[in-house]
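Heads up: the structure comes next, in structure tokens.
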Amino acid sequence: MQKNLVKTDKSIGSVQNITLIAVIAAVYATITFVIQPFAFGPVQLRASEGLNHLAAWHKRYIIALGLGVFIANLVSPLGWIDWIFGTMGTVIMTSITYLATRRVKHAVTKIVISSVVVATIGMAILAAEFTLAFNIGASGAFPSGSNGGLFAQWLAYYLSVMPGEVASLIAGGIVIYALSKMVDLSK
């Protein structure tokens, strides 16, 4: 009897994790689809990026956000490059966020660490993706506006995506902070 109870508890936990992963992936993709004209390109405001803070609370959100980015990027002008590198960048930066914050207890500290990781590492990967796409002549690629070499192009892309990302992280940080006061995001 007790073994069945344990299996049921684990099953409920698995169902809850899968459900939360699906919901967050769907929310990320939906927000991106709704603001699609602003969500792609060298100057972008992808409000859904504010959800990246969730990775500071539980590792399941790494999968949820990676899946959400993949789904959202299915309509990206960069096509397969964004499907692969955009998703990979999200998984990398949210994994680093999770690892850097897993022992942090204070919500504001988690959000600050998450913001730094996403704005530096995440946007560095995105700028590299844009640089690669432009230099291989990928469909949907756009010029950086720089006349210099690879580093100058990368820097131009990095500086162009940073303002929108910071705005999304601030807005998302406020929402996730408020949510963390109402719901235990780690469970």
Specify the closest pair of heavy atoms between [X] and [Y], including all atoms of both residues, with the distance to one decimal.
X: Ala107; Y: Ser180; value: CB-OG, 3.6 Å
X: Leu45; Y: Ala167; value: CD1-CB, 4.1 Å
X: Gln153; Y: Thr131; value: OE1-CG2, 3.7 Å
X: Ser115; Y: Leu169; value: O-CD1, 3.8 Å
X: Thr90; Y: Gly66; value: CG2-N, 4.0 Å
X: Ser146; Y: Gly148; value: OG-N, 3.1 Å

Rounded to the nearest 0.5 Å, what's the gap from [atom1] on [X] to [atom2] on [Y]? Could you check?
X: Ile125; Y: Ile92; atom1: CD1; atom2: CD1; answer: 4.5 Å
X: Met123; Y: Ser160; atom1: CE; atom2: OG; answer: 10.5 Å
X: Lys187; Y: Arg60; atom1: NZ; atom2: CZ; answer: 11.0 Å
X: Ser186; Y: Tyr61; atom1: OG; atom2: OH; answer: 8.5 Å
X: Ser168; Y: Gln44; atom1: OG; atom2: CD; answer: 8.5 Å

Donor-acceptor under 3.5 Å ([X] side chain, [Y] main chain):
X: Ser76; Y: Ala72; answer: no
X: Asp82; Y: Leu78; answer: no
X: His106; Y: Val108; answer: no

ask   = Got more than 12 heavy atoms from elsewhere within 6.0 Å of CG, Asp184?
value = yes
Any residue meeting ring-ring contact (aromatic ring centres under 6.0 Å, His included) with Phe142, in chain and number order, not counting sequence neighbours = Phe130, Tyr157
Determine, using the 4.5 Å side-chain heavy-atom cutoff (strictly less than), whether [X] and [Y] are members of one ILVMFWY cluster.
X: Phe134; Y: Leu159; value: yes
X: Trp83; Y: Val75; value: no
X: Ile96; Y: Ile113; value: yes
X: Met162; Y: Phe151; value: yes
X: Val118; Y: Leu54; value: no

Using the side-chain contact (heavy atoms from CB on, under 4.5 Å) criterion, which residues pair with [X]? Sequence neighbours excluded.
X: Thr19; answer: Val15, Val23
X: Ala124; answer: Trp154, Tyr158
X: Val175; answer: none

key: Sole residue of Val117, Thr97, Thr94, Ile176 in side-chain contact (heavy atoms from CB on, under 4.5 Å) with Asn52   = Thr94
Pair Ser114, His53: side-chain N/O donor-acceptor within cut-off below 3.5 Å = yes
Less than 4.5 Å apart, any side-chain heavy atom of [X] and any of [Y]?
X: Glu129; Y: Ile81; value: yes
X: Ile24; Y: Leu65; value: yes
X: His58; Y: Asn17; value: yes

Could you pull out all donor-acceptor pairs under 3.5 Å where a side-chain atom in residues 26-40 meets a protein atom, sequence neighbours excluded?
unit_1, atom_1, unit_2, atom_2, d
Tyr28, OH, Arg46, NH1, 3.3
Tyr28, OH, Glu49, OE2, 2.5
Thr30, OG1, Ala26, O, 2.7
Thr32, OG1, Tyr28, O, 2.9
Thr32, OG1, Ser48, OG, 2.6

message = Other members of the hydrophobic cluster containing Leu99, with the 4.5 Å side-chain heavy-atom rule, please.
response = Ile62, Val91, Tyr98
